[in-house]
Amino acid sequence: MRSTKGVRSTKDVRRGTTDSGGGGGAAVAGLFRAHYQGLLRLAFLLGADGDAEDVVAEAFCQLHRTWSRLSSPEAALGYLKGTVCNLARMRLRHLRVVRRHAQRHVEKLELSAEQQAIVRDEHRTVVRALRSLPVRQHQVLVLRYWLDLKESEIAETMGISTGAVKSHASRGMAKLSRVMKEAEG
């Protein structure tokens, strides 16, 4: 008779538990007790500042949801560290966008009504021109000039090489310039 100790049944994997009752919940709780403070410091050092606790809590929630898909329980700490890094990076990107929008809003308040109308018209022209670009070129230009990402970050985000990012950006800017000149003329 074969021993089934340590082998998860399909039913137990779906529930996130094991035959021994240890389950993902107990393992996640143990990881929380052992590594919460270190992960909190990591999130803080990555720039999560006041949201560091939320970032770490979300990382543990994601770990709990995906526990049954981990290659092994030993992979959990690496998963947590990677998730904290990704969540902190996403938070920083979000804050950059929010700050940029807030700054633009302040700049618009300082413009006269006529100037604001001209700016809105120019924005509509740029958006129309962007929409005329092929999808990849459009995406690269938005990530580069709207979110202010580096070429390597764009490549990682889009799942393409940095050379492809450079190519799409160059072609996109050339076409955007042509379309904008046509719109002016």
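Side-chain atoms are counted along with the backbone in the values below, which use heavy atoms only and exclude waters and symmetry mates. In this chain, numbering begins with 1 at the start of the sequence shown.
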Side chains of [X] and [Y] in contact at under 4.5 Å (non-hydrogen atoms):
X    : Y    : answer
R93  : L149 : yes
V135 : H138 : no
I154 : R144 : yes
Y36  : L31  : no
L176 : L141 : yes

State yes or no: do [X] and [Y] share one hydrophobic cluster built from I, L, V, M, F, W and Y residues joined by side-chain heavy-atom distances below 4.5 Å, directly or via other members?
X    : Y   : answer
F44  : V84 : no
V140 : V97 : yes
L77  : L45 : no
L46  : Y79 : yes
L39  : M90 : yes

Which atoms form the tightest heavy-atom contact between [X] and [Y], and what is the distance?
X    : Y    : answer
S161 : A155 : C-CB, 3.8 Å
L92  : G47  : CD2-O, 3.6 Å
L87  : A59  : CD1-N, 3.7 Å
A43  : V56  : CB-CG2, 4.0 Å
L42  : C85  : CD2-SG, 4.3 Å
A129 : V179 : CB-CG1, 3.5 Å

What distance do S177 atom OG and E182 atom CD have between them, rounded to the nearest 0.5 Å?
-> 11.0 Å

Looking at CE of M158 and CD of E153, how far apart are the two atoms once the value is rounded to the nearest 0.5 Å?
-> 14.0 Å

Hey, are E58 and R65 close enough for a salt bridge, meaning a charged N less than 4.0 Å from a carboxylate O?
-> yes

Ionic contact status for R89 with E156, cut-off 4.0 Å =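 Yes, E156 and R89 are salt-bridged.
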
Determine, stepwise, if the pair Q62 / L80 fulfils side-chain contact (heavy atoms from CB on, under 4.5 Å).
-> CA-CA 8 Å; Q62 287 184 23; L80 280 169; over 6 Å; no

K175 atom NZ: more than 12 heavy-atom contacts under 6.0 Å | yes

Which atom pairs, one a donor and one an acceptor, fall under 3.5 Å between side chains of residues 163-174 and the rest of the protein, sequence neighbours left out?
unit_1, atom_1, unit_2, atom_2, d
S167, OG, R171, NH1, 3.3

